[in-house]
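The structure appears right after this line, and notes come after that.
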Amino acid sequence: MRTSQPKTIRLSEYKAPAYLVDTVDLRFELFEEGARVHATLAVRRNPESTGAAAPLMLDGDSLKLEQVVLDGKKLAAGDDYEETGAQLVIAKVPARFELTVVTWIEPQNNTRLEGLYKSSGMFCTQCEAEGFRCITYFPDRPDVMARYRTRIEADKASCPVLLSNGNDVERGDLENGRHFVTWEDPFPKPSYLFALVAGDLVEKKDNFTTCSGRDIDLRIYVEARNAAKCEHALDSLKRSMRWDEEVYGREYDLDIFMIVAVDDFNMGAMENKGLNIFNSSCVLASQETATDLAFQRIESIVAHEYFHNWSGNRVTCRDWFQLSLKEGFTVFRDSAFSADMGSPTVKRIEDVTLLRTAQFAEDAGPMAHPVRPASYMEISNFYTLTIYEKGAEVVRMIHTLLGPELFRKGSDLYFERHDGQAVTTDDFVKAMEDASGRDLTQFRLWYDQAGTPVLTVSDAYDAELGIYRLTVQQDIPDTPGQTGKKPQHIPFALGLLGTDGEALPLKLESTEDAANAPTECILELTKASHTFEFHGLAQKPVPSLLRHFSAPARVVYPWTREQLVFLMSHDPDGFNRWDAGQRLAVDVIQSLIGAPEDTEIEPQLVAAYRSLLGDVALDQALVAKMLQLPSEAYLIELADSPDVAAIHRVRERVLGHLAGSLRDDLIDCYHRNASEGSYDLTPESVARRSLRNTALAWLLMINDEAGRDLATLQLQNADNMTDRMGALKALVNSDYAEERSRALEDFYEQFQSDPQVVELWFSVQSSSDRAGQLPQIQSLLKHPAFDWKNPNKIRSVIGVFAGQNLAAFHSPDGSGYGFLADQVCRLDDSNPQIAARLVTPLTRWKKFAPGYSALMRSALEQIRDKPELSADLYEVVHKSLEA
Ligand code: TRP
Ligand code: ZN
């Protein structure tokens, strides 16, 4: 905790470690009152580091140091070593030595959830990014890779299960009802991948035979009450293992792979070698308690963490500026996996929605940073949408530019060349270049320049010559600390449509044969402006631009509403069909903002939605996506100086108008998509439930009585959580106040013993402008199920309120901002990582219309003036006030 400015760490100041650690021998004595950690390190001077006899400097945080022994000799404080806040410094050490450090820590009082802590009575760890230093003194940086041996000793009754990375090599009983297990991990790893779990858990077992015929033990460890909720995660794991073999040629390397579910966890999950630790909400699922969305999330997170075994663990990051090396690549991998498991178009729509809503906002805000940042104060603040999602898009563009075969050659070379090493994003790109022979020099700018490129497209048709000219100009906006950016290398996929909706041949040369010309091409933009000519066209085409969202950019082109409606039903690219619908809805909504209340709502929008609702020939999963209006958050992101209340009002009005006009179609849609047979997760079934619940939500938007009765019935009879939540949500967002309270009460009554469902129950309320006004949010914080130590509960009430209940959060009196500021200050003392994440909505103050922004700013100042700000919160608050 601090009042002064935290230190800025710069990539340009990177130095190789002065000392390397070959092996780490750990012994944990776990007690109720704390834990004693004995760490014995085999250390040697790094031959590649300059400065021959540098002092040994080890990182530490919140440690009570009990003993330091060097080559068998006990060292004296002050004389032999110094403990300076965050470091243990030993001035004189030989070129090679053995060091033992004994520390005492208190996991039971650790509310930051970094290092070793307790969650629902079990001991667990979170070491990424810099949590290992909360366990023992260590060179806690990813370019120090060592082999670990870990002995855990604990009370046998309360901690029958003792886990760490690798294979268990020894176990036995000790005095006083205690026991021990020793684990050995044969693969050298950075400290951030260390993990330990000790508690009373049940084991769900499965197995997997690898491509080379090796048998792998798969185990999920959960509290006994969750034993029936592991099947989906285990199935997802097996599918991931198979997929990584088939698509990347990556085989699993240890004989055992374990997953543990933990209730209190700062993020989604963690890829510790051989022992992944998961937020319970990202692993536990049953038909009765998890929504389709949760099932899909679990599948992709299980895959993500598993894929890290190669992209992250076998090949790791040299330093934290390279975070996207593992995260961007791994998100790209898990996203391709999910696309293969379900509907690729729908998966693409979901990824792009997140990117355009949240990452574009980040890239346009005060914390904008490149995929490879140049500096940071607190690394926890850089686990961002830019590192993860934009990072994945950058890898995806390499995949697009190289094509699947050369990309695979590149990934093979990368894994082979760098196995066991800690490397940089540049090494990754180099492997792609070497394997493909392509020059990616300019492409590397994607890693260094922040900001979302804007592609402004204009066109002209020369009827006489039959030439269609398309001009694409790229501009990359200034971001904090970065101005005057260079043009980037952008793959720009497009197609052209004729009047009847036919895909026209794309002839970039007049001599080309139309019959052989492709109907989709990828133009490569490298200059500030390009003009492309398409030959042999008898009419002016309608352009379908940036197909499949081939680059993380904004496209500006003056499509007419007629053209958008046309693209919605004719574009062969499913993604662009969806995008055309989004653009049409955005255009309609934007044009109504500030217009008189009785301004007519575009009839083409109603007509387009009517034909969508009735289109049983089109992929129903795509229809379900196309029916979703752009979110308020996206509309705000697109606006220059958004008036939140006006956006909310107009969007609700359009939704109400659509629902009113399409009332009978919605009832039809509801019945047509009634649940059929038993619950399954095929894209068809998921789409069915999505369509039916959308219909319900719309009907209740207009307080339709038949809709209310359908919702009530569905709530009673549903055999799965998706339908139950669909009905509950619809009722909660209607004006049927009595039904709303009854539904909420009954639901809680029924599911109160299930934390994941209670989190859903909180979110339905905190995201609703009917049930989530500030006084109601305040009372949720006092609800017995709320827990200030549990990040999921905090997110489902405070995070959802500020991130999804936008009209209430941006209440014109500033009460929502003041509320968030109070909660952030309170949380900063117990869990700074969570506090710094929750404050995000306020940091975007500059974007908003003046009335809002002044109030947001003053809420931020209130936080800034709090005594003892964590480094996490300091960085975010100061950067956003000073940007
Ligand atoms: N590496 C983790 C992931 O794949 C991210 C993570 C989990 C994390 N827990 C964390 C990052 C705690 C920082 C702090 O996605
Ligand atoms: Zn990850």
Side-chain angles (χ1 to χ4, degrees), residues 61 110-117 119 124-135 140-142 165 189-197 240 244 259-283 297-317 320-338 354 371 373 376-392 395 425 791-792 795 831-838 870-872 875-876:
D61 186 348
N110 179 351
T111 56
R112 287 159 56 192
L113 316 184
E114 294 174 81
L116 180 64
Y117 63 94
S119 173
C124 62
T125 55
Q126 172 54 43
C127 292
E128 187 177 5
E130 299 180 332
F132 194 71
R133 64 187 63 185
C134 306
I135 293 173
D140 193 13
R141 43 186 290 169
N165 319 84
K189 65 169 174 285
S191 50
Y192 83 86
L193 289 173
F194 170 79
L196 173 156
V197 168
S240 311
D244 212 16
I259 287 177
V260 183
V262 168
D263 282 344
D264 305 299
F265 204 70
N266 278 347
M267 308 266 281
M270 180 62 211
E271 70 264 25
N272 316 300
K273 184 77 188 188
L275 179 56
N276 288 359
I277 298 183
F278 275 62
N279 187 322
S280 295
S281 72
C282 298
V283 59
R297 225 169 98 76
I298 289 166
E299 183 183 63
S300 78
I301 297 179
V302 166
H304 179 98
E305 306 311 330
Y306 173 72
F307 295 158
H308 268 316
N309 191 54
W310 276 97
S311 50
N313 301 1
R314 287 288 286 259
V315 182
T316 196
C317 303
W320 293 119
F321 299 101
Q322 320 299 330
L323 182 56
S324 197
L325 172 77
K326 72 178 178 81
E327 297 304 347
F329 187 23
T330 304
V331 171
F332 172 73
R333 277 150 55 68
D334 81 57
S335 169
F337 165 76
S338 299
L354 175 65
V371 169
Y376 62 78
M377 286 178 174
E378 173 53 62
I379 187 56
S380 301
N381 288 331
F382 284 78
Y383 286 74
T384 61
L385 289 142
T386 300
I387 301 295
Y388 278 69
E389 313 304 323
K390 186 177 182 178
V395 176
T425 55
N792 292 6
R795 280 187 281 257
N831 190 331
Q833 279 187 20
I834 295 296
R837 272 181 193 275
L838 278 184
S870 69
D872 309 57
E875 174 171 41
V876 178

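Both counts, for ligands and for their atoms, begin at 1 and track the order of listing.
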task: Would you kindly say whether Y383 and Q833 are connected by a side-chain donor-acceptor distance under 3.5 Å?
output: no

Numbered atoms and elements of ligand 1 in range of [X], under 4.0 angstrom, heavy atoms:
{"X": "E271", "result": "1 (N), 2 (C), 3 (C), 4 (O)"}
{"X": "Q833", "result": "14 (C)"}
{"X": "Q126", "result": "9 (N), 10 (C), 12 (C)"}

If I consider every N, O or S atom in [X], which one ends up closest to the Zn ion (ligand 2)? I only need its name.
{"X": "H304", "value": "NE2"}
{"X": "E327", "value": "OE1"}
{"X": "H308", "value": "NE2"}

message: Applying the side chain to side chain donor-acceptor pair (under 3.5 Å) criterion to S311, which one of T330, D244, D334, T316 satisfies it?
response: T330

query: Within E271, is some N, O or S atom less than 2.8 Å away from the Zn ion (ligand 2)?
result: no

Any idea which protein heavy atom is nearest [atom], and the distance to it?
{"atom": "atom 14 (C) of ligand 1", "result": "E128 O, 3.2 Å"}
{"atom": "atom 4 (O) of ligand 1", "result": "H304 NE2, 3.1 Å"}
{"atom": "atom 7 (C) of ligand 1", "result": "A269 O, 3.0 Å"}

- prompt: Who passes ring-ring contact (aromatic ring centres under 6.0 Å, His included) against F332, sequence neighbours left out?
  reply: H399, F407

query: With sequence neighbours excluded, what pairs up with Y117 under the ring-ring contact (aromatic ring centres under 6.0 Å, His included) test?
result: none

task: Test M267 against N279 for side-chain contact (heavy atoms from CB on, under 4.5 Å), laying out the working first.
output: CA-CA 7 Å; M267 308 266 281; N279 187 322; over 6 Å; no

- request: Would you mind telling me if ligand 1 is within reach of the side chain of E114, the backbone, both or neither, using heavy atoms under 4.0 Å?
  value: neither

- prompt: Purely on distance, is any nitrogen or oxygen of E327 under 3.5 Å from one on ligand 1?
  reply: yes

message: Which option wins on minimum heavy-atom distance to atom 5 (C) of ligand 1: Y388, F382, F307?
response: Y388

- prompt: Would you say the ring centroid of Y376 lies under 6.0 angstrom from that of F321?
  reply: yes

message: Check this for me, if you would: do D872 and R112 make a salt bridge, where the nitrogen-to-carboxylate-oxygen distance has to be below 4.0 angstrom?
response: no

